S.K.: 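The structure under discussion is supplied below as structure tokens; questions concerning it will follow.
As the structure is a prediction and not an experimental result, all values here were calculated from the model. So that the names make sense, note that chain A is the first sequence line, chain B the second, and so on, each numbered from 1.
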Number of protein chains: 2
Amino acid sequence: MKMYRSYKPGETILWRGDDLQFVASVVKGVASLSKTLEDGRTQMVGLLLPSDFIGRPGRETVEFDITAITDVTLCCFRRKPFEEMIQTTPHIAQRLMEIALDELDAARDWMLLLGRKTAREKIATFLEMLVRRTNVHGIDANSSDLTLPLTRDEIANYLGLTLETVSRQLNALKNEGMIRFVDRRHFEVVDLLALHEATGDDADGGLPV
Amino acid sequence: MKMYRSYKPGETILWRGDDLQFVASVVKGVASLSKTLEDGRTQMVGLLLPSDFIGRPGRETVEFDITAITDVTLCCFRRKPFEEMIQTTPHIAQRLMEIALDELDAARDWMLLLGRKTAREKIATFLEMLVRRTNVHGIDANSSDLTLPLTRDEIANYLGLTLETVSRQLNALKNEGMIRFVDRRHFEVVDLLALHEATGDDADGGLPV
DNA sequence: TTCATCGGTTGATCTGTATCAATGTTCGCA
DNA sequence: TGCGAACATTGATACAGATCAACCGATGAA
């Protein structure tokens, strides 16, 4: 009924079109959802963090590739019994609906970012999101010592940029004194207000992640 | 309990942050969902067509502007009784979940388009979507005499381009013999295969709208 | 009939980001 | 202990699409 599976960084969890015999939830680690064009250009369309959900009732294949970014552990259920459970336990459907609607909100914020923001604004938005998410998870409120969970290349795929542009803009924000790097994967935010201004977002219009 | 409201083209149905006392479904017409940056750049993040739904249980404001594109008629319900209905009628929650998941799939396809496609590919994808959607609605199977529901400017906002680029790419596809214009708002597809190739999409990876 | 407006087209130029290329840094492993 | 691979930075150049600007053609009001 219920089983655990683990994946190494870089390992593909599911390919687009794969048969989806299981639904799963992320126990540990970070995974990416991504879509690819014919010639190989790819775009991340979501990140999976612990407690996030894979699979959907009534659909037997996935529409994107799912790849482990860090070590990932999933908790898997067979799809059939899970679907029956939805039928019989109404508030599960409700909960899943809320999850889907939250993801939809996040996807739409990302559409604004991908369609209209400059490279600089994209990077600033991404960093601000990391601040907010780290704080929500209650780790710290001081915006210092944040972790970049992705490589420059992965950030580029997330933001619709190239890795060179990511590197340049990250350094630009550093040189302007908004952020400081501890090492390549760790940074702190020196001037959160300036960072927010650099996102281009409307006063109260941050990402509700 | 249930009432109808109408809007003229260009009229704003809801502003971001507006109090959402109602949920509604579109009876007639086309409306857009859009998000705006501080300096006015805007990006459409969705289109509402007849049968589409506005509002979500458990959230009292909308996160984007909703604007009528054509004459629009909505059928509105008070939010409270609607939410109670969800609690008591389980398959409504299920249906809403499916709608949300479908929209999420569409949003993710759009993220790939916004983040990675060229102007030409964006236009081709948009036209192919119109073909598919028109055919689904059973109007015709011949890809001839399709209607462009949006102005050049609105298309630009939908695709993350400027209106000049939309105009140029539309003409480029015309000059290559893929499409033909009847007038500014009506066209037919001459070479559907070529149009599909121009989308850049992976063989079987069309938009499941 | 004229004029104003709105949506659309077309042209010239500019610019942000991609691309191409070389170099630097870190870390795991023989 | 040093070597190689992966990740990252930096520089030079190219180009797609934005921007600025002029013009066109319907439609509708006076």
S.K.: Measure CG/L150(A) against C1'/dA6(D) and give the value in whole Å, please.
M.R.: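 Computing the L150(A):CG to dA6(D):C1' distance gives 16 Å.
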S.K.: Side chain of R152(B), heavy atoms from C-beta onward: which of dT9(C), dT17(C), dG17(D) has the nearest atom to it?
M.R.: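 Minimum distance to the R152(B) side chain belongs to dT9(C).
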S.K.: Between F82(A) and F53(A) (judged by ring centroids, cut-off 6.0 Å), do the two rings come close enough to count as a pair?
M.R.: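 Between F53(A) and F82(A), which both carry aromatic rings, the centre distance is below 6.0 Å.
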S.K.: Identify whether the distance between the nearest side-chain nitrogen and carboxylate oxygen of R132(B) and E128(B) falls below 4.0 Å.
M.R.: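 Looking at R132(B) and E128(B), the cut-off is met.
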S.K.: When the ring planes of Y158(A) and F126(A) are compared, do they come out parallel, tilted or perpendicular, using 30° and 60° as the limits?
M.R.: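 Aromatic pair Y158(A)/F126(A) classed perpendicular.
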S.K.: Quick one: CZ on R116(A) to CG on N157(B), what's the gap to the nearest 0.5 Å?
M.R.: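 Spacing of CZ (R116(A)) from CG (N157(B)) equals 5.0 Å.
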S.K.: When rounded to the nearest 0.5 angstrom, what is the spacing between CD1 in I123(B) and NZ in K117(B)?
M.R.: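 If we round to the nearest 0.5 Å, I123(B):CD1 and K117(B):NZ are 11.5 Å apart.
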S.K.: Can you tell whether the side chains of E98(A) and R95(A) come within less than 4.0 Å, N to carboxylate O?
M.R.: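 Yes, E98(A) and R95(A) are salt-bridged.
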S.K.: Pairs under 3.5 angstrom, nitrogen or oxygen only, protein versus nucleotides 24-30 of chain C, please.
M.R.:
none

S.K.: The side chain of S167(B) lies closest to which of these nucleotides: dT10(C), dG17(D), dT10(D)?
M.R.: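 Out of dT10(C), dG17(D), dT10(D), the nucleotide with an atom closest to S167(B)'s side chain is dT10(C).
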S.K.: Compute the ring centroids of F77(A) and Y4(A), then answer whether they are less than 6.0 Å apart.
M.R.: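 No; Y4(A) has its ring centre 6.0 Å or more from that of F77(A).
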S.K.: Would you classify L163(A) as touching base, sugar-phosphate or nothing, given that sugar-phosphate means primed atoms plus P, OP1 and OP2, and contacts are heavy atoms under 4.0 Å?
M.R.: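 Contact class for L163(A): base.
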S.K.: Can you tell me if K35(A) and T42(A) form a side-chain donor-acceptor pair at under 3.5 Å?
M.R.: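 Judged by distance alone, the side chains do not pair up.
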S.K.: Output one line per pair: protein atom, nucleotide atom from nucleotides 19-22 of chain C, and distance, for all N/O pairs under 3.5 Å.
M.R.:
| residue | atom | partner | partner atom | Å |
| --- | --- | --- | --- | --- |
| dT19(C) | O4 | R168(A) | NH2 | 2.9 |
| dC20(C) | N4 | E164(A) | OE2 | 3.0 |

S.K.: Under 4.0 Å between any heavy atoms, over every strand shown, what does G10(A) touch: base, sugar-phosphate, or nothing? Just pick one.
M.R.: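 No contact.
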